[in-house]
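Here the structure comes first, spelled out in structure tokens, and everything after it is commentary.
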Amino acid sequence: MRIFTADAASVLQLQYLTTEHQAQPLAIDVAAPRFAWTVTNAPRGTVPEAYRIEVARSLATLLEDRPDVWDSGRVVSKASFDIVYAGPPLASSRRYYWKVIAQTSAGDVSATSWFETGPSWLEWSHAAWIGKPPDGSLAAPLLRHVFAVKAGLESARLYVAAGGYADVSINGHPASDAVLSPDFTNYDKRVLYLAHDVTALLQSGQANAIGIELGRGFYGLTNPNVWHWEKAPWHGEPRVRALLKLCYADDHCEFVGTGPEWRVHDGPTLLDDLYGGEVYDARRTQPGFDTVAFDDRDWNAAAVLPAPKGVLEAQREPPVRMVQTLHAMAVTKLHDDSYVFAFPRVIAGWATLAVQGHTGDTVVLHYGEKLLPDGSVDDRDDHHYFQHGLQTDHVTLAGRGIESWHSRFSWKGFRYVQVDGWPGPVPSLDAVTAQVIHSDVPTIGHFNSSNSLLNWIHAAAINTMLNNLYGIPTDTPMYEKNGWTGDGMLGADMMLRDLGAGSLLSKWVQDIADARNKEGVPLLIAPNPGWGDVRAPPWHAAYVLVPWSLYWQRGDRRVLADHVEGMAHYVDLEYGRSPAGIADTVLGDWVSPSTPADGGNAPEDKHIAATAYLYRMADTMAKIERVLGNDNEAKHFAAMAIRVREAFNNRFFDAAKGQYGGKGDDGLRQTHQLLALGFDLAPATQRVRVADALVQAVHAHGDHLDTGALGTKLLLPVLTATGHADLAWIVATQTSFPGWGYWRANGATSLWEHWKLDARSRGHYFLGTIDDWLFADVAGLRPLAPGWQRIGIHPALTAWLGHAEADTLTPYGRAAVSWSHEHGELQLTLEVPVGSTAEVRMPATKPAAIAESGRPLSTSPWVRHLRACDADTCFELASGHYRLEQFKKLF
């Protein structure tokens, strides 16, 4: 076998090597991790033919072609991701090296990477759960320990689990750049730990010190709130379990773990609350507490505390990090010692204060997404969700020169920061900076066009989604911070297409499973403290539809297998409590334009949305069972879907009018028609009439949308798919109420929770699902098979735009489309990754009128099934880069 290595002289390259969806992870704790890679820089038409994966204990052994752990042998397959390890059991807390040899029609190419496994239970036994002894104080505890490191240290790994958050430092330096970590869960079911490489922070042959400050997070939250997080079954004081593994040149390893020999003291953070904010007294700081020289004789012995009930698991999703600093655009004086700092856009994170004052001076920071009429920051809690305030920090100064401070255990949603009690002269613009903080997922999807409004919508959607990723998809970083299931379900497709959020959403699916009630029904938010046990199929559907999105967008079959039993049980239960196949729900098409600005169901029969989602779940379960090879179960759910579909049409469809409606509807409802069309509930012979009714409903609102979160996701795609792209364009680009352009015209920098100007939150993504339409219809890029194995390219808005482009990083590699037209000549540039094929539909042309790189399309060896399809031209393309041109003037 001839191997071309991925160097500068080679055409082929392998990139994006991952193990269990992570690049060189420090803690894998699954028995059979999955490998993945992408083939890049390949000539046109390249297809995968086979692969071979080798795993070894050392890189030298691997490079010598002596894999001493596992050799898959040559496997004839086109697969290049989610290849399951099938070797002997992996040892705990050690590094393994792996090599993939990918055989393609263009040659062979290889690359190497590595992964590390997490500690065993025996190794974890070197560390206890510790915190401070019960004393009634709410102050964040500081923990420290001095330990010896022998000469010849080669590697050091720190594993940190916490009830709440743990901020770790070694010898005066942060152990990592993760913040607000580890991610939170239902602590009675599972507890996550993070792994850090701290080799460079330790001093060989010397004493070393480790310090940990603990935050409450959702584990020990104290501010009474409407969701009762302060009463969660797992609720307790913050605690940590940390294990340090030290390995030396002689292959000997030692462990240093948390235990009763550690020392503890109250720190300067007197209170930290995720919603309320923090109280900090700089006079109580313990400088250098994480260094060897610190004197801890007046500190107490740490208390060994009960362990959370949940299973300890390695965190697979990226940790929360500070990713950007924004500088204030303006500072405005309110009164003598009160100033408001304005930042460029709404973010989630915290502000850093640089201030000089006297000992005992207290500065109060109020954070908000908007301002009140008097210019002050709006940090009101109009719903009275919280007993002790919202988004407010109190900082008492030590009086030692310029003092810098930011919160450590709470994040806020804000664009404005009001500082009360500012000491001294007018602050400069850089006296307060804003840090953007969220789960550090990469942006993998991009959209651009010749229309500035559409570009703004996409950018705002990206920023708003990121503002809501904190180990789960949240709703509003200012007010709720909860993982509302319906919200995440609606946004899952764009999160997976635009962001590298696959592992985060996989984790969240497990959170949903953990949050089911005793009957097996999901609750409204996940993780969950025991709140929201109501019937709401459009929200509970997240348990079925998010795993399907993970499979469709990322090719993740394991998430289906892991949850199929629970999903099937829930869908059976939901159908069983739906008389004659008609379901009910307390939550329908939330926040349609006519509802109150602080939320509400659309004025329509909620049974229609409930039954439509029951059908969608049954139909999806049939597909899931087929994917998993469960034919009998697939037939069961397919038959259920047919019965629900029949019940839906019998109950809600008016054949004489071609319209769907129900009891209590305020006129012809757009969302009713959208659910029937978008979920394929409408009879095939009636789809045109139902689409006409949808158009009528849109015209009735002055060519504006009248949809809430459920209908908005479907509106523009359904209009486009049913031959009404012109109306979709008009709705999308409206600048009057309600619409995305209306937000922008009124100064929005993010997506809002409601169409109205007095929307409670300005940091909510679920009305931003227009982004699905921007990719699939405006640019014309969508998956046609799981994992983007087949890519659909069909720009549908070429008559209204001069240019659009989009790309995303699929499991096979980058897929991209860019189109433009000048003087009636349409040009299309495409990129199809190795392992995928594209089905292209070019609008309003003929096969003979299309050229590829200056030659007739019909002569290209990479084109198959060239044909006319209605008024368009359709064909298939193999992998590669293409430039298509259409020469007949048609615009």
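Along the sequence shown, the residues carry numbers beginning at 1.
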Original post:
Minimum heavy-atom separation for F775 to G445, with atom names?
Top reply: CZ-C, 4.0 Å

Original post:
For R558, which residues count as a salt bridge (Lys or Arg N to Asp or Glu O under 4.0 Å) partner, sequence neighbours excluded?
Top reply: E20

Subject >> Identified side chain to side chain contact (heavy atoms under 4.5 Å, CB included) partner of P527 from the options N482, I512, I472 >> reply: I472

Original post:
Is there side-chain contact between L767 and L751, with heavy atoms separated by less than 4.5 Å?
Top reply: no

**OP:** Kindly state whether the ring of F218 and the ring of Y187 have centres lying under 6.0 angstrom apart.
**Re:** no

Subject >> Partner residues of R643 under the side-chain contact (heavy atoms from CB on, under 4.5 Å) criterion, sequence neighbours left out >> reply: Y575, A639, M640

**OP:** Could you check whether the rings of Y470 and W411 sit parallel, tilted or perpendicular, using 30° and 60° as the cut-offs?
**Re:** parallel

Original post:
Is there a donor-acceptor pair under 3.5 Å between the side chain of N467 and the backbone N or O of V346?
Top reply: yes

Name each donor-acceptor pair under 3.5 Å that joins a side chain in residues 488-495 to protein atoms two or more places apart or in another chain, with its distance.
unit_1: D493; atom_1: OD1; unit_2: S549; atom_2: OG; d: 2.9
unit_1: D493; atom_1: OD2; unit_2: K713; atom_2: NZ; d: 3.4

Subject >> Contact list for residues 675-684, test salt bridge (Lys or Arg N to Asp or Glu O under 4.0 Å), sequence neighbours left out >> reply: D680-R687

**OP:** For residues 618-641, pull every pair meeting ring pair (Phe, Tyr, Trp, His ring centres under 6.0 Å), keeping only residues two or more places apart or in separate chains.
**Re:** none

Original post:
Do V778 and W773 come close enough that some side-chain heavy atom pair is under 4.5 Å?
Top reply: yes

**OP:** Could you name each residue pair satisfying salt bridge (Lys or Arg N to Asp or Glu O under 4.0 Å) that touches residues 464-477, not counting sequence neighbours?
**Re:** none

